Amino acid sequence: MTTDESPGPVNSRPSPYVAESLWREILGPAADPLRGFLDNGGDSFHAVLLSTRLYEATGIEVDYLDVLTSDGLPALRALAEDRTRT
């Protein structure tokens, strides 16, 4: 029996919860969800990381520039939700 080490996107978890989890994991638990990504100490590397991990977890593509310029976690959630409709 073989197992697949890389199962691909997992769409069973709602994207808002995944986005919040990644936000806190990448920016730290003290990150203010109502402040912008950059205001929380994020940079382009972390924006790429969040964007990539969000895609890996949900299959939702959010450009790293959108993450970088997001006005906070609610804006990121809304962006991810919008991408699920298109």
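The basis for the numbers below is simple: all heavy atoms, side chains too, and nothing from hydrogens, waters or symmetry mates. What you are looking at is a predicted structure, and each value in this text was computed from that prediction instead of being measured.
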Nearest heavy-atom pair of V67 and S51: which atoms, and what distance? CG2-CB, 4.3 Å
Mind checking whether V18 and L54 have side chains closer than 4.5 Å, heavy atoms only? yes
Any L49 side-chain heavy atom under 4.5 Å of L22 side chain: no
What heavy-atom pair brings W23 and S70 nearest, and what distance separates the two atoms? CZ3-OG, 3.9 Å
Going by the salt bridge (charged side-chain N to carboxylate O under 4.0 Å, His left out) test, which pairs reach into residues 43-55, not counting sequence neighbours? E25-R53
Between S44 and L68, which heavy-atom pair has the shortest distance, and what is it? N-CD1, 3.7 Å
R77 bridged to E81 by N-O distance under 4.0 Å: no
For A31 against N40, the heavy-atom pair lying closest together: CA-OD1, 3.4 Å
Which heavy atom of P33 sits nearest a heavy atom of P74, and at what distance? O-CD, 3.2 Å
Is F37 close to L27 at the side-chain level, that is, under 4.5 Å between some pair of heavy atoms? yes
Same cluster (ILVMFWY, side-chain, under 4.5 Å), L76 and L34: no
Are any side-chain N or O atoms of R35 and backbone N or O atoms of D39, one a donor and one an acceptor, separated by less than 3.5 Å? yes
With no hydrogens and no angle check, is any side-chain donor or acceptor of T69 less than 3.5 Å from a backbone partner on L65? yes
Qualifying salt bridge (charged side-chain N to carboxylate O under 4.0 Å, His left out) pairs with a residue from residues 60-72, counting only residues at least two apart or across chains: D66-R83
